[in-house]
There are 2 protein chains.
Amino acid sequence: MAFKHDLFAQFARVGKALSNGNRLELLEYLAQGERSVEQLSTVAGLTVANTSQHLQQLRHAGMVTSRKEGLKVYYRISGDDIIILLDALRSVAERHVTDVQYLVNTYLTVKDNLEPIPRAELLERARDGLITVLDVRPAEEYASGHVSGAVNVPLKDLEKWIKKLDKNQEIVAYCRGPHCVLAFDAVARLREKGIKARRMEDGYPEWKTAGLPVEESHSGT
Amino acid sequence: MAFKHDLFAQFARVGKALSNGNRLELLEYLAQGERSVEQLSTVAGLTVANTSQHLQQLRHAGMVTSRKEGLKVYYRISGDDIIILLDALRSVAERHVTDVQYLVNTYLTVKDNLEPIPRAELLERARDGLITVLDVRPAEEYASGHVSGAVNVPLKDLEKWIKKLDKNQEIVAYCRGPHCVLAFDAVARLREKGIKARRMEDGYPEWKTAGLPVEESHSGT
DNA sequence: TTATTATTCAATAGATTAATTGATTACTAG
DNA sequence: CTAGTAATCAATTAATCTATTGAATAATAA
């Protein structure tokens with residue numbers, strides 16, 4: 001029985017990595033692509049030292065790897081299975097934790113039908129030129145990797161972009177994941193202007209993990 | 001940003017539920033079917049009070065539900081998505097935590113080709129009567145639910161059962177999950193006796209979650 | 001009513017975790 | 001070599017978690 005006990009203890013190490021909100025947030029950003037410690041600390045609103053410590057815990061649990069280049073240390077998700085795990089976690093939380101349901105309903109639901117468009121359908125219709133795919137993440141996240149053919153319009157530039165837009169064009173927006181507010185926000189604003197807009201199912205990491213076409217920066221920086 | 005923070009904090013509640021080896025073990029047993037607190041405490045080797053507390057934590061995280069019947073309180077997994085989450089966790093641990101790889105290689109690998117037989121293939125060949133499906137879990141776990149058509153032979157009865165077995169018959173054994181030792185053990189022993197035996201991919205909960213045919217006790221007890 | 005059983009509750013001690021602070025290391029540029 | 005930057009390390013405190021113990025509750029049976 002020692003084996004069983006040891007094995008569950010090891011599984012729990014991965015569970016522990018997922019047991020802290022700040023670490024989950026770091027993982028969400030890492031799911032977008034490789035990031036330095038400083039970038040992560042800024043975006044997650046943590047001190048550099050604290051971020052570094054969380055990242056080391058994630059590394060011990062095997063969820064991220066790191067490489068040093070010059071002064072900087074870059075961390076990245078250690079495999080697509082991590083993204084699958086994170087989505088499974090999110091989806092369990094959304095289905096069974098009532099507070100999550102409340103949060104999602106309060107902050108993320110736009111009145112209308114907000115059925116997101118499935119990836120397969122999006123792909124097909126984008127190929128036919130029927131829709132414009134909109135990436136509403138910050139420029140640097142777009143730069144490190146995005147859905148093939150997507151246009152990058154960070155939220156702050158959205159109003160400007162809308163002006164020079166053919167109002168008959170249908171838009172599909174995406175961002176970091178199923179609960180990322182950016183795409184919800186963008187869709188709401190587009191609809192206000194009378195533009196036909198929907199949200200893409202999930203976000204960039206899931207798209208990429210599904211093996212669908214992406215454009216990635218392979219440059220050193 | 002408060003929303004994002006709150007949301008990650010809620011996801012972390014599910015992560016916390018997965019952050020303790022004893023809770024993961026309880027979840028594995030619950031994945032087989034409904035169980036009382038006492039049954040769980042026995043099989044997990046914990047005191048009843050401790051088991052009860054862990055179960056309450058799991059309930060707060062939305063992963064299990066409970067019902068009272070007479071003196072007993074029965075707990076059960078709150079949905080198939082929990083099983084998917086547990087498998088995702090196991091598979092991340094197996095791929096990225098070296099200690100898990102070591103444990104698995106040390107305790108679970110039988111020398112030969114131990115490629116488990118995929119569920120789809122098993123189903124097909126069992127229908128054609130080419131193989132016997134063997135459930136090596138304890139009788140009571142078998143009783144509460146098992147793969148349709150499977151024969152229950154707990155490990156301790158295996159030797160006896162082998163004797164009255166047609167040696168040309170091919171056997172496929174399964175138990176609680178991908179890392180459950182029972183099926184590994186059974187396959188090894190069957191092979192020693194010159195019987196063609198393989199292990200089924202994963203275990204009963206995954207089979208059931210995949211929507212494949214099962215026989216379940218729907219009786220009150 | 002009383003005794004018995006299954007579970008939960010409450011209080012506790014020891015262990016672990018999270019965030020902060022300031023020092024230290026590793027690397028680069030001048 | 002020196003200064004500056006990015007990250008890590010080490011020490012600390014407060015908070016949280018785990019397992020244990022014994023008492024309390026709820027349902028059943030005598």
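Here is how names work: the chains are called A, B, and so on, in the same order as the sequence lines, proteins then strands, and each is numbered from 1.
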For this session: For B:Gln32 and B:Arg176, test the side chains for any donor-to-acceptor distance below 3.5 angstrom and give the result as yes or no.
Result: no
Exercise. Hey, is A:Arg13 close enough to B:Asp99 for a salt bridge, meaning N to O under 4.0 Å?
Worked result: yes
For this session: Would you please indicate yes or no on a ring centroid separation below 6.0 angstrom for B:Phe11 and A:His179?
Result: yes
Exercise. Is the charged tip of B:Arg199 near the ring of B:Phe184: under 6.0 Å from the six-membered ring centre and within 45° of its axis?
Worked result: yes
Problem set entry | A:Glu69/A:Arg67 ion pair, N-O < 4.0 Å | yes
Exercise. Atom CG of A:Leu40 and atom P of D:dA6: how far apart are they, to the nearest Å?
Worked result: 14 Å
Problem set entry | Distance in angstrom units between B:Leu58 CG and D:dT18 P, rounded | 10 Å
For this session: Determine yes or no for a side-chain-to-main-chain donor-acceptor pair under 3.5 angstrom, with A:Gln10 supplying the side chain and B:Ala93 the backbone.
Result: no
Exercise. Once each nucleotide of nucleotides 1-15 of chain C is scored for protein heavy atoms under 4.0 Å, what B/S/- sequence comes out, 5' to 3'?
Worked result: ----BSSBBB-----
Exercise. Any side-chain N or O of A:His54 less than 4.0 Å from the OP1 or OP2 oxygen of C:dA19?
Worked result: yes
Exercise. Of the residues in residues 9-27 of chain B, which ones touch DNA chain C at a heavy-atom distance under 4.0 Å?
Worked result: none
For this session: Would you mind checking if B:Arg90 and B:Glu206 are paired as a salt bridge, meaning a charged N to carboxylate O distance below 4.0 Å?
Result: yes
For this session: Return the value, rounded to whole Å, for the distance between atom CD of B:Gln57 and atom C1' of D:dT16.
Result: 11 Å
Exercise. Is the cationic atom of B:Arg137 (NZ for Lys, CZ for Arg) positioned less than 6.0 Å from the six-membered ring centroid of B:Tyr204 and within 45 degrees of its normal?
Worked result: yes
